[in-house]
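Some notes on the structure that comes next.
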Amino acid sequence: MNKISAICMLFLSSAIAYAQNATTQTLIEEYQKEAGDHAALYYAPIEPFFMQARWINDPYWETDECTSGEVLYDGVLYRDVMMRFNVVTQSLIVATPVSKILVAPVMDKVEYFTLFGHRFEKFDGKYRELIAGDKNLKLWHEKTKVRGRDVEKNRRIYLNFDENDKYFIVDGDRTFQVKKAKDIAKNYPEYKKQIKKYIRTSELDYAENKLYAIVKTFEYLTSIK
C-alpha cells in the first residue's frame, strides 16, 4: 500500500467512526428531547446491548418483545408503556414513545409495573409477579435465570440461561414456598381437611398444569379463610 492509499484509508476510517458517533449522539439527543420533566421515566441510559446471536435463549421475562403495561415511577403513573423485563439484571426496559429507543430507568424509583395483566413488585430483593390475592394474603411467582451450560445446536455452541420458577404464599408475616397444591393444605392445619377435600373432589391432584392447581387451591383458601 503506497502512502496516498494509506492516507485515504485513514481518512475513510475516521469518516466512518465520525458518522457512527454522530448517529449515536443524534439518537441520544432524540430521546432526551422526549424526556422532559413530565417524562422522567424515559430520561435514562440506553439499554446495554444484548448479543442474541450468541445465546440459545434470552434473559427476558416470557419474551424479548416489548408489550404494553404501566409503571409507577418516582410517584408518577405511566400507562400504555411499551416495555420488557430483564430477569437476569432485574431491569425494566422501556421504549420511548416517539423514537422507540430502549432505555433502562432507575429501578429504585420503580414502585411497581404491570406486564401480561399481572403486577410486579420488589420483594426480598427481586421483582416477583403477583398471581392472585390482595392485602395480607398473596400468591407470588418468582422467576430466575442464571448462566447454565453451553448448548450445541447445528454444530454451533451457544450460551444458555437456565430458568427456574418458584411460587410463594405471603400471609401477613408468614412466607412459604408452594411446590404443589397440597403444600397449601400442609401450611394451614386449621383448614387442612377442607383444602384436601377440595383438591380431591376437583381432581387437582391430576392437573397437568401445576400452576393452575396451585392457583385454584389458593383461591379456595381465600374463600374460606
Donor-acceptor pair, [X] side chain versus [Y] backbone, under 3.5 Å?
{"X": "Lys100", "Y": "Pro97", "value": "yes"}
{"X": "Thr114", "Y": "His118", "value": "no"}
{"X": "Arg174", "Y": "Asn187", "value": "yes"}

To the closest 0.5 Å, what do you measure between [atom1] ([X]) and [atom2] ([Y])?
{"X": "Arg128", "Y": "His141", "atom1": "CZ", "atom2": "NE2", "result": "10.5 Å"}
{"X": "Lys225", "Y": "Asn136", "atom1": "NZ", "atom2": "CG", "result": "8.5 Å"}
{"X": "Lys193", "Y": "Lys197", "atom1": "NZ", "atom2": "NZ", "result": "11.5 Å"}
{"X": "Asp183", "Y": "Lys180", "atom1": "CG", "atom2": "NZ", "result": "4.0 Å"}
{"X": "Glu129", "Y": "Leu115", "atom1": "CD", "atom2": "CG", "result": "9.0 Å"}

Min side-chain heavy-atom separation [X]-[Y] under 4.5 Å:
{"X": "Asn160", "Y": "Arg149", "value": "no"}
{"X": "Leu102", "Y": "Arg84", "value": "yes"}
{"X": "Tyr112", "Y": "Glu70", "value": "yes"}
{"X": "Asp124", "Y": "Glu142", "value": "no"}
{"X": "Phe85", "Y": "Thr67", "value": "no"}
{"X": "Tyr42", "Y": "Ile101", "value": "no"}
{"X": "Glu152", "Y": "Asp150", "value": "no"}
{"X": "Cys66", "Y": "Met83", "value": "no"}

Determine, using the 4.5 Å side-chain heavy-atom cutoff (strictly less than), whether [X] and [Y] are members of one ILVMFWY cluster.
{"X": "Leu72", "Y": "Leu130", "value": "no"}
{"X": "Met82", "Y": "Phe113", "value": "no"}
{"X": "Leu92", "Y": "Phe50", "value": "no"}
{"X": "Val94", "Y": "Tyr60", "value": "no"}

Can you list everything that forms a side-chain contact (heavy atoms from CB on, under 4.5 Å) with Lys145? Sequence neighbours excluded, please.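 side-chain contact (heavy atoms from CB on, under 4.5 Å) list for Lys145, sorted by chain: Asp58, Val87, Val88, Lys143, Phe161, Glu163.
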Could I get the full list of side-chain contact (heavy atoms from CB on, under 4.5 Å) partners for Lys122, not counting sequence neighbours?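 Expected list: Asp108, Tyr127.
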Quick one: closest heavy-atom pair of [X] and [Y], and the distance?
{"X": "Val71", "Y": "Leu41", "result": "CG1-CD1, 4.3 Å"}
{"X": "Tyr73", "Y": "Val110", "result": "CD1-CG2, 3.6 Å"}
{"X": "Glu219", "Y": "Thr222", "result": "O-OG1, 2.6 Å"}
{"X": "Lys196", "Y": "Ala185", "result": "CG-CB, 4.0 Å"}
{"X": "Ala44", "Y": "Ala104", "result": "CB-O, 3.4 Å"}

Is the Phe116-Trp61 ring centre distance short of 6.0 angstrom?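 Not close enough - the centres of the two rings lie 6.0 Å or further apart.
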Which hydrophobic side chains are connected to Ile131, either touching it within the sub-4.5 Å cutoff or through other members that do?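 Hydrophobic cluster check, Ile131: joined to Leu137, Leu139, Tyr167, Ile169, Phe176, Val178, Ile184, Tyr188, Tyr191, Ile195, Tyr198, Ile199, Leu204, Leu211, Tyr212, Ile214, Val215, Phe218, Tyr220, Leu221, Ile224.
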Tell me, yes or no, whether the heavy-atom count around Lys138 atom NZ, taken from other residues, nucleotides or ligands under 6.0 Å, exceeds 12.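 Atom NZ in Lys138 is crowded, with more than 12 foreign heavy atoms closer than 6.0 Å.
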Please check if the number of heavy atoms outside Glu203 that lie under 6.0 Å from its CD is greater than 12.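 Open.
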